[in-house]
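In this chain, residues are counted from 1 in sequence order. We use all heavy atoms of the structure for the numbers below, so side chains are in, but hydrogens, waters and symmetry mates are not. Numbering of ligands and ligand atoms starts at 1, following listing order. All values derive from a computational prediction rather than experimental measurement.
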Amino acid sequence: MKPGPFKIGIACFPLIGGSGILATALGSELARRGHEVYFFSYAQPVRLDLPQDNLHFHRVDVAHNPLFPSPDYTLPLAVKMAEVARSQQLDLFHVHYAVPHALAACLASQMLGPSAPRIVTTLHGTDTTLLGQDPDYRTAIEHALVHSDAVTAVSESLRNQTLETFDLKRSIEVIPNFFTPDKPKRSREEVRRELGIADEFLVLHMSSLRAVKRIDLLLRTIAASKNRERIRLLIMAGGPFDSYEALLDELRLRPTVIVRQNTAVVDEYVRAADAGLYTSEYESFGLSILETMFYGKPVVAFRVGGIPEVIGDSSPLYPFGDVTAAAAGLDALVESRDLAHKLGERSRNRAVDQFSADRILPQYEALYRRVIAGDRHRVKERLAL
Ligand code: GMT
């Protein structure tokens, strides 16, 4: 049995978004632990610092062939993965999302034949919650999951939902996300000065602003707060804010809200904040929530998806959509800095204890060892198709 270190190909999305951030952090930690890691994506992942020992990045060109009705990424990705796997003798593909990454890995594996790397697929949410409900995608996702050598989900909640959604007849292992705080370059005071904050209570929200994040409820929670005059809301936006401008005016929140677009390094802003506010209608995990907790900040959020598994009992959670209850929870923090501090410390302790790299990385390494040592039954099945 090969004991490691291993040669691992990681396929992920490169943009600001939890799955790409997690995959990048995972690859960097694996490289630090002596594994050789090869990233595949259509752009360099935003948090991937290169050059780094044992880390390689392979850019995949999206094909804009006039023969096709739309650009194609999956086939060029599969070809690049197969080429690199062959030339570098990769042991394993670890792909983040079934569509398109696990499907490209399956195809690469068929191109390579018996020497193909094993496939580990990590589910982050939309394969199950969105695409899994779409008849145009469902069978392809099921195929990729059945033909992976291992499938992981980032929370129990996502695992259960996936098993209910697809006919898999296979196990899914839960390996939660992790986070490693950076050393912020600027002090908390410098960042607050930049934001024009004196002693106001700074509430932080970080997300892609996709519809599932329910930015309407985010703004309504702030508007419902008894302390709205003492609060500033900082939105670290990974997507356009334009569609919420009208609501900002309707709720008269323009002086309260600061929007920062596409900032890759968020650590110093998290440290400058006093609490996090997350109003998603669903999160498979909530990596931004975990980042907020790592910096010792209390979190106000709704009890949905995998969020309770992340927050545990470190901060109270509220029924989805209950803006009045969430605003009251926020008010309690604004009115008692002691309470905010106590819940913040509890959040940090839980984050460090449950979701540090030292706790999660060995779980991935153990899975890789098991999958690489296992029989090639699934590879044979893939080849037989
Ligand atoms: O939710 C997003 O906008 C981004 C998305 C992604 O693909 O990066 O996040 C998903 O994966 C993260 C990493 O595992 C999870 O922390 C997020 O909860 C999950 N988003 C949803 O489930 C809505």
Just go through Gly286, Gly18, Ser284 and tell me whose heavy atom is the nearest to atom 19 (C) of ligand 1. Ser284

Looking at non-hydrogen atoms alone, which of Tyr282, Tyr97, Tyr278, Phe285 comes nearest to atom 5 (C) of ligand 1? Tyr97

Determine whether more than 12 heavy atoms belonging to other residues, nucleotides or ligands lie under 6.0 Å from atom NE2 of His341. no

Among all protein heavy atoms, pick the one closest to [atom] and tell me residue, atom and distance.
{"atom": "atom 3 (O) of ligand 1", "value": "Ser208 OG, 2.7 Å"}
{"atom": "atom 10 (C) of ligand 1", "value": "His124 O, 3.5 Å"}
{"atom": "atom 8 (O) of ligand 1", "value": "Ser19 N, 2.6 Å"}
{"atom": "atom 17 (C) of ligand 1", "value": "Glu283 OE1, 3.2 Å"}

Taking the side chain as everything from C-beta on, heavy atoms only, tell me whether [X] gets closer than 4.5 Å to [Y].
{"X": "Glu309", "Y": "Ser157", "result": "yes"}
{"X": "Met293", "Y": "Val299", "result": "yes"}
{"X": "Ile235", "Y": "Leu233", "result": "yes"}

Can you find a non-hydrogen atom of Lys213 under 4.0 Å from ligand 1?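 Contact present.
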
Answer with yes or no whether Asn177 contacts ligand 1, where contact means a heavy atom under 4.0 Å from a ligand atom.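 Yes; Asn177 lies near enough to ligand 1 that a heavy-atom distance drops under 4.0 Å.
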
So, Arg214 and Glu281, do they make that salt bridge, N to O below 4.0 Å? yes

Review item, side-chain donor-acceptor pairs of residues 247-258, under 3.5 Å, at least two apart:
unit_1 : atom_1 : unit_2 : atom_2 : d
Asp249 : OD1    : Arg254 : NE     : 2.8
Asp249 : OD1    : Arg254 : NH2    : 3.3
Asp249 : OD2    : Arg254 : NH2    : 3.2
Arg254 : NH1    : Glu245 : OE1    : 3.1
Arg254 : NH2    : Glu245 : OE1    : 2.9

At less than 4.0 angstrom from any non-hydrogen atom of Gly17, what atoms of ligand 1 do you find? 8 (O)

Can you sort out which atoms of ligand 1 are near Leu287, meaning under 4.0 Å from one of its heavy atoms?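 Numbered from 1, ligand 1 contributes 16 (O).
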
Taking all non-hydrogen atoms of both residues, which atom of Arg170 and which atom of Leu145 are closest, and how far apart? NH1-O, 2.8 Å

